[in-house]
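Structure, as structure tokens:
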Amino acid sequence: MVLWNGVDFTADGREPVTAEEFYRIGRYCWDSGQYRPAAGFFLEPAAAEGHSAAGELLGHVRFVQGDYAQAVPWLRRSPGSPRAAYYLGSLYQRGCPEAGIGQSYDAAADWYRRATALGEPEAMLALGELYLERLVRLERAPVDHALECFLPAAEAGHPYAQYRVADLYRTSYADLRRAAHFYELCLANPAREQHALNSLMTFQSAAFLREIRAAQQTQRLEQRRDTVNPRQPGDPSY
């Protein structure tokens, strides 16, 4: 158990000595919010001793803090981390001179693919956007590549991925049934409320759902008319 005694932190009632104890305190500080600025102080000695989880978290902490030069070495030492691979992809996409990283869409795509293989939904979205913008090599239509990237993230419950999939089905594939399904998933997803684009997704999803349902209702009425009163040759259209 990690505790604050008013002067410093203890692990199981004693001063930290081992890498695991320093890691536990560092993780506690980062997760607590109140003590976040101290997280790196405790994670660094653990990471320096080869504690892989401490190194991965330290890379995350430095990245979130905007200290990319300090983050990159730890991100590179975390090959099994989905978020580390995603962060590296994002740095290559925009370029990060202070960390010695030049802009490279190909390198960004490679890192996003690694993160995608490890199950990182943000990387799936980022890679899909690169395909849509035709910034990396294509083998099929950009929208086909993008949908292939977005779908796993949507099915894993990412609200923005659900919204993007719905949009692609509506605009690029004219598949209103599937579009409605993913708009509904997005609107029912509690994680949407914590997303930066919550307002956009909520408003647009609801609006497009109304349009789709109106179009489907019109189609059902037309089918009913044609079933009950089939058109005869020469009938006027009105």
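- Applying the side chain to side chain contact (heavy atoms under 4.5 Å, CB included) test to Ala109 and every residue at least two apart in sequence or in another chain returns Arg113, Leu127, Leu130, Val136.
- Here the closest heavy-atom approach between residue Gly26 and residue Ala39 is recorded as O-CB, 3.6 Å.
- Judged by the 6.0 Å distance and 45° axis criteria, Arg27 is not positioned over the aromatic ring of Trp30.
- The residues Arg170 and Glu211 are annotated as not salt-bridged, no charged nitrogen and carboxylate oxygen being separated by less than 4.0 angstrom.
- Taking the ring centroids of Trp74 and His60, they lie at or beyond the 6.0 Å cut-off.
- The minimum heavy-atom distance linking Ala19 with Ala46 is given by the pair O-CB, 3.2 Å.
- If you chain together hydrophobic residues whose side chains sit under 4.5 Å apart, Tyr86 and Tyr131 fall into the same group.
- Going from atom CG of Leu3 over to atom CE of Met1 covers 6.0 Å, rounded to the nearest 0.5 Å.
- A 4.5 Å side-chain heavy-atom check between Leu57 and Tyr23 finds at least one atom pair inside the cut-off.
- If you check the side chains of Asn198 and Thr202, you find a donor sitting under 3.5 Å from an acceptor.
- Gln103 CD to Cys96 SG: the interatomic distance, rounded to the nearest 0.5 Å, is 11.5 Å.
- You'll find the side chain of Thr10 stays beyond 4.5 Å of the side chain of Val2, heavy atoms only.
- When all heavy atoms of Gly128 and Ala146 are compared, the closest pair comes out as O-CB, 3.6 Å.
- Residue Gln93 holds its CD atom at 9.0 Å from CD of Glu129, rounded to the nearest 0.5 Å.
- A salt bridge links Glu148 with Arg140: the distance from a Lys NZ or Arg NE/NH1/NH2 to an Asp or Glu carboxylate oxygen falls below 4.0 Å.
- The nearest pair of heavy atoms linking Gly59 to Ala71 is O-CB, 3.6 Å.
- With hydrogens and angles left out, the side-chain atoms of Arg220 and Gln217 include a donor and acceptor closer than 3.5 Å.
- Once rounded to the nearest 0.5 Å, the distance linking CG of Leu58 with CG of Leu75 reads 9.0 Å.
- In this structure, the side chains of Tyr112 and Ser90 come closer than 4.5 Å at one or more pairs of heavy atoms.
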(request) Quick one: do Arg231 and Arg225 satisfy side chain to side chain contact (heavy atoms under 4.5 Å, CB included)? Show the steps, please. (result) CA-CA 9 Å; Arg231 289 184 183 275; Arg225 293 187 184 103; over 6 Å; no

(message) Please determine whether side chain to side chain contact (heavy atoms under 4.5 Å, CB included) holds for the pair Arg213 and Arg210, giving the CA-CA distance in whole Å, both sets of side-chain angles, and the decisive distance to 0.1 Å.
(response) CA-CA 5 Å; Arg213 286 167 177 161; Arg210 287 193 296 270; 5.8 Å; no

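- Atom CG of residue Asp167 and atom CD of residue Gln162 lie 12.5 Å apart, to the nearest 0.5 angstrom.
- Taking the six-membered ring where the residue is Trp, Phe9 and Tyr35 present perpendicular rings, their angle passing 60° and hence far from 30°.
- Glu49 contributes no side-chain N or O that, together with a main-chain N or O of His51, makes up a donor-acceptor pair within less than 3.5 Å.
- In plain terms, the two heavy atoms of Ala188 and Pro190 that are nearest each other are O-CD, 3.2 Å.
- Cluster partners of Val165, by chain and number: Leu125, Leu132, Val143, Leu147, Phe150, Leu151, Tyr160, Tyr163, Leu168, Tyr169, Tyr173, Leu176, Phe182, Tyr183, Leu185, Leu187, Leu197, Leu200, Met201, Phe208, Leu209, Ile212. The rule joins Ile, Leu, Val, Met, Phe, Trp and Tyr whenever side-chain heavy atoms lie under 4.5 Å apart.
- When ring centroids are compared, Tyr92 and Tyr105 stay outside the 6.0 Å threshold.
- Annotation: side chain of Tyr87 is in contact with side chain of Val64 (closest heavy-atom distance under 4.5 Å).
- Between Glu21 and Arg14, at least one side-chain nitrogen of the basic residue sits less than 4.0 Å from a carboxylate oxygen of the acidic one, meeting the salt-bridge criterion.
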(message) For a salt bridge (Lys or Arg N to Asp or Glu O under 4.0 Å) check, start with the C-alpha distance between Asp12 and Arg24, then their side-chain angles and the critical distance, and finish with the verdict.
(response) CA-CA 10 Å; Asp12 299 328; Arg24 285 165 54 196; 3.0 Å; yes

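- Atom CZ of Arg77 is separated from atom CD of Glu56 by 13.5 Å, given to the nearest 0.5 angstrom.
- Side-chain N/O atoms of Arg62 and Gln65 include a donor and acceptor closer than 3.5 Å.
- Considering only heavy atoms from C-beta on, Asp226 stays 4.5 Å or farther from Pro230 through its side chain.
- A single hydrophobic cluster is not seen to contain both Leu118 and Leu88; linkage of ILVMFWY side chains at heavy-atom distances under 4.5 Å, directly or through other members, places them apart.
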(request) Determine, stepwise, if the pair Cys29 / Arg36 fulfils side chain to side chain contact (heavy atoms under 4.5 Å, CB included). (result) CA-CA 5 Å; Cys29 290; Arg36 273 196 163 188; over 6 Å; no

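- For Glu139 and His145, the side-chain atoms include no donor-acceptor pair closer than 3.5 Å.
- With sequence neighbours excluded, no residue forms a salt bridge (Lys or Arg N to Asp or Glu O under 4.0 Å) with Arg76.
- Taking the six-membered ring wherever Trp is involved, the centroid distance between the rings of Tyr68 and Phe63 falls below 6.0 Å.
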